[in-house]
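Quick note on labels: first sequence line is chain A, next is B, and so on, each numbered from 1. These values consider heavy atoms only, across backbone and side chains, with no hydrogens, waters or symmetry-generated copies.
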There are 2 protein chains.
Amino acid sequence: MANALPVSPLSRPLPELPPLAGVRFGATEAGIRYRGRTDLVMAEFAPGTTVAGVYTRSKCPGAPVDWCRAAMADGRARALVVNAGNANVFTGRAGFEATQANAADAARLVGCAASEVFLASTGVIGEVLPYRKISVALPGLYATLSEHGWADAARGIMTTDTFPKAATRVARIGATTVRIQGIAKGSGMIAPDMATMLAFVATDAKLPASVIQALLDDGVRRSFNCITVDSDTSTSDMLLLFATGQAGNAEVTRADAPELAEFRTALDSLLLELALLVIRDGEGVTKMMHITVTGAVSDQSAHNIAMAVANSPLVKTAVAGEDANWGRVVMAVGKCGEPANRDTLSVSIGGTCIAQNGTVVPDYDETPVVAHMRGREIEIAIDIGLANGTAQAWGCDLTHGYININGAYRS
Amino acid sequence: MANALPVSPLSRPLPELPPLAGVRFGATEAGIRYRGRTDLVMAEFAPGTTVAGVYTRSKCPGAPVDWCRAAMADGRARALVVNAGNANVFTGRAGFEATQANAADAARLVGCAASEVFLASTGVIGEVLPYRKISVALPGLYATLSEHGWADAARGIMTTDTFPKAATRVARIGATTVRIQGIAKGSGMIAPDMATMLAFVATDAKLPASVIQALLDDGVRRSFNCITVDSDTSTSDMLLLFATGQAGNAEVTRADAPELAEFRTALDSLLLELALLVIRDGEGVTKMMHITVTGAVSDQSAHNIAMAVANSPLVKTAVAGEDANWGRVVMAVGKCGEPANRDTLSVSIGGTCIAQNGTVVPDYDETPVVAHMRGREIEIAIDIGLANGTAQAWGCDLTHGYININGAYRS
């Protein structure tokens with residue numbers, strides 16, 4: 001079914017993904033659910049690799065999320081195993097035992113502790129993970145791991161994604177050039193699946209786990225936590241950042257060290273690129289929305305307003321219909337519970353101010369707005385007019401394609 | 001356009017609406033936006049009528065909402081004027097002046113203070129209300145007001161509603177039989193409109209404004225505040241309760257007086273019936289959802305969970321597709337931020353327990369579940385397994401019809 005979906009009109013080609021010292025990737029067909037495509041991905045990291053992670057806030061997380069949270073304790077990683085086709089969610093004790101078995105399998109191959117193996121699963125929920133298929137496939141997969149395996153890995157973690165997603169950056173830490181590179185998968189759904197967002201990023205920089213965790217927390221706040229396809233949070237969302245230390249940069253012990261400024265900028269930019277690739281493959285997407293909020297009472301308030309607009313079904317259907325429906329934007333601002341004042345509110349679409357100070361701008365020129373709405377990337381700017389809080393959010397339209405993908409009767 | 005929509009498959013016939021002492025209703029064609037249908041409704045209430053109201057929590061409310069909030073101050077009402085086709089929202093000073101003009105018009109006809117006139121508008125937003133059309137039409141409309149005008153009023157407040165909505169009850173206060181009767185309109189959309197929920201309820205009971213306000217607040221909490229079509233809150237939502245005092249019951253001064261027990265039950269039941277009629281006419285609806293949550297840490301927590309499930313696009317599309325997708329229910333419980341524990345969670349659909357204690361019930365009988373999902377009213381019961389908090393919520397499925405109604409390009 002996944003392969004039957006047409007490629008998103010907002011897709012981007014996979015960039016060139018050069019080797020990153022200390023990371024070897026590979027992918028194989030384990031036959032977990034799909035046929036005729038790779039569905040099992042493995043990575044090995046050099047000894048000394050540190051790890052940071054952010055996870056779904058779901059109260060019903062999958063077994064691999066529980067596993068990774070526990071494995072994070074000492075900040076060390078040597079391997080990653082990801083399967084597509086089965087999310088190992090709501091699978092009780094059997095789910096827990098599957099994570100233990102596969103971590104032990106990978107640890108044996110790599111020669112590390114099981115707690116240095118990170119696991120992720122994406123796909124059907126409520127079905128026990130056929131972990132023996134993974135056990136059988138891992139030794140052969142391990143033998144093929146390569147510094148050139150990034151693109152294969154980006155493809156192997158897809159579910160109903162319509163294109164593979166990756167991004168790459170370089171930055172300098174002191175005199176040393178380091179690389180940051182990541183892959184992601186987005187929202188895909190085959191009944192009874194649920195959307196799962198996974199992203200794996202690695203750098204050859206030498207950085208303690210506490211430092212990369214702080215950088216990741218900060219970067220995610222302004223990237224992955226600012227995107228939404230349909231407001232439904234997966235049980236399996238996971239973003240891991242591995243630092244192999246192979247670049248040999250001078251030691252850095254604090255996330256706010258000045259020599260990390262360029263690295264931080266590069267990481268933030270990479271996380272945002274990956275996050276936007278997920279939006280570009282949102283279910284049924286035909287247009288992206290970029291919401292900018294200024295003038296809110298705080299940045300957090302601005303974020304809540306931006307996300308309310310990005311999640312509003314009425315705003316999303318208006319964008320799908322190429323309708324510059326600023327009234328629905330006003331509605332979404334008004335409903336979200338954040339401080340706002342109708343009489344200081346302004347709304348611009350595609351750079352044209354349409355509503356200001358509590359009323360429509362008389363005789364505003366609709367021509368550039370109509371042209372903008374026909375494009376693929378819709379810019380909505382909202383000024384609350386109360387203080388200096390700002391935020392951005394990214395979303396996509398709500399179309400018949402979304403209903404087709406998610407409303408199909410489970411066979 | 002409104003008339004082109006097929007009647008909802010979940011519609012209900014309008015009940016018989018007998019006279020209610022002290023209330024006269026009427027409707028006429030003022031030509032505000034629609035042609036060939038009534039769009040202006042007026043009611044006159046007997047002297048001494050008290051009033052209570054609940055309003056949208058939107059930070060960008062319409063001018064009539066502002067007007068009614070101010071007019072509520074002394075708890076007295078003599079008239080109601082409602083127009084369909086223009087919501088008088090985000091219209092700045094012109095919107096305020098329109099409310100003043102129409103309240104003055106109605107006050108002159110009825111012979112009361114302008115502050116005893118209540119106003120509601122529903123329809124297009126961001127366009128100045130053509131209040132002179134209302135001024136011109138009101139005298140003729142006033143001359144036709146009748147105790148038998150309830151059904152005309154229910155029809156005259158419709159926008160893209162596909163059927164008129166009303167409910168009626170009787171109850172005893174002490175030895176006196178009183179009547180409670182109400183009309184409502186639901187979510188309808190013609191670009192660039194936004195959904196508006198309006199409901200007007202009257203009783204001939206003699207009750208102070210403070211008492212009916214307390215009863216209304218309580219009743220709304222378990223009816224209108226537990227329904228959702230698409231999670232988008234209108235700028236114009238308004239529910240008014242008028243008590244004409246014509247039944248001549250003995251004086252009651254407290255909402256918790258024991259002699260009000262039957263009245264309270266009848267009012268609650270009427271409010272819920274009206275609220276569910278709104279769901280039965282949700283945009284694109286083919287199935288209703290009734291969510292029951294038990295075992296949450298508090299009633300408020302249970303409410304938040306129930307609403308998260310009712311609002312989840314993935315749950316709504318699964319219901320549309322007749323898919324008993326309990327995994328998406330688990331996802332929605334998990335994402336909403338309320339205390340929950342995967343390992344104590346149970347989910348039943350149509351009375352069949354599907355998932356329990358963190359895993360699917362092995363070999364549960366799918367046959368009755370499949371049959372239930374093919375019906376019009378879907379029952380989803382969730383036990384959180386933590387404490388005794390309970391709540392109910394009602395929603396509807398998300399279908400191509402919703403996209404058609406809301407994604408049409410504005411002409």
Measure the shortest side-chain to side-chain distance between A:L345 and B:C60 over non-hydrogen atoms and say whether it is less than 4.5 angstrom.
yes
On a heavy-atom basis, the closest approach of B:A355 and A:F90 is CB-CE2, 3.6 Å
Residue part contacting chain A, namely of B:N404, when any heavy atom lies under 4.5 Å
both
Is it true that atom CZ of A:R93 has more than 12 heavy atoms of other residues, nucleotides or ligands lying nearer than 6.0 Å?
no
Looking at chain A, which one of B:E338, B:K316, B:R342 has the largest number of heavy-atom pairs inside 4.5 Å, strictly under?
B:R342
Side chain to side chain contact (heavy atoms under 4.5 Å, CB included) partners of B:D343, counting only residues at least two apart
B:N341
Nearest heavy atoms of B:P313 and A:Y402, plus distance in Å:
CB-OH, 3.4 Å
Identify which of A:V319, A:T359, A:L398, A:D397 forms the greatest number of heavy-atom pairs closer than 4.5 Å to chain B.
A:T359
Nearest-0.5 Å distance, CG of residue A:D323 to CG of residue B:N406:
10.0 Å
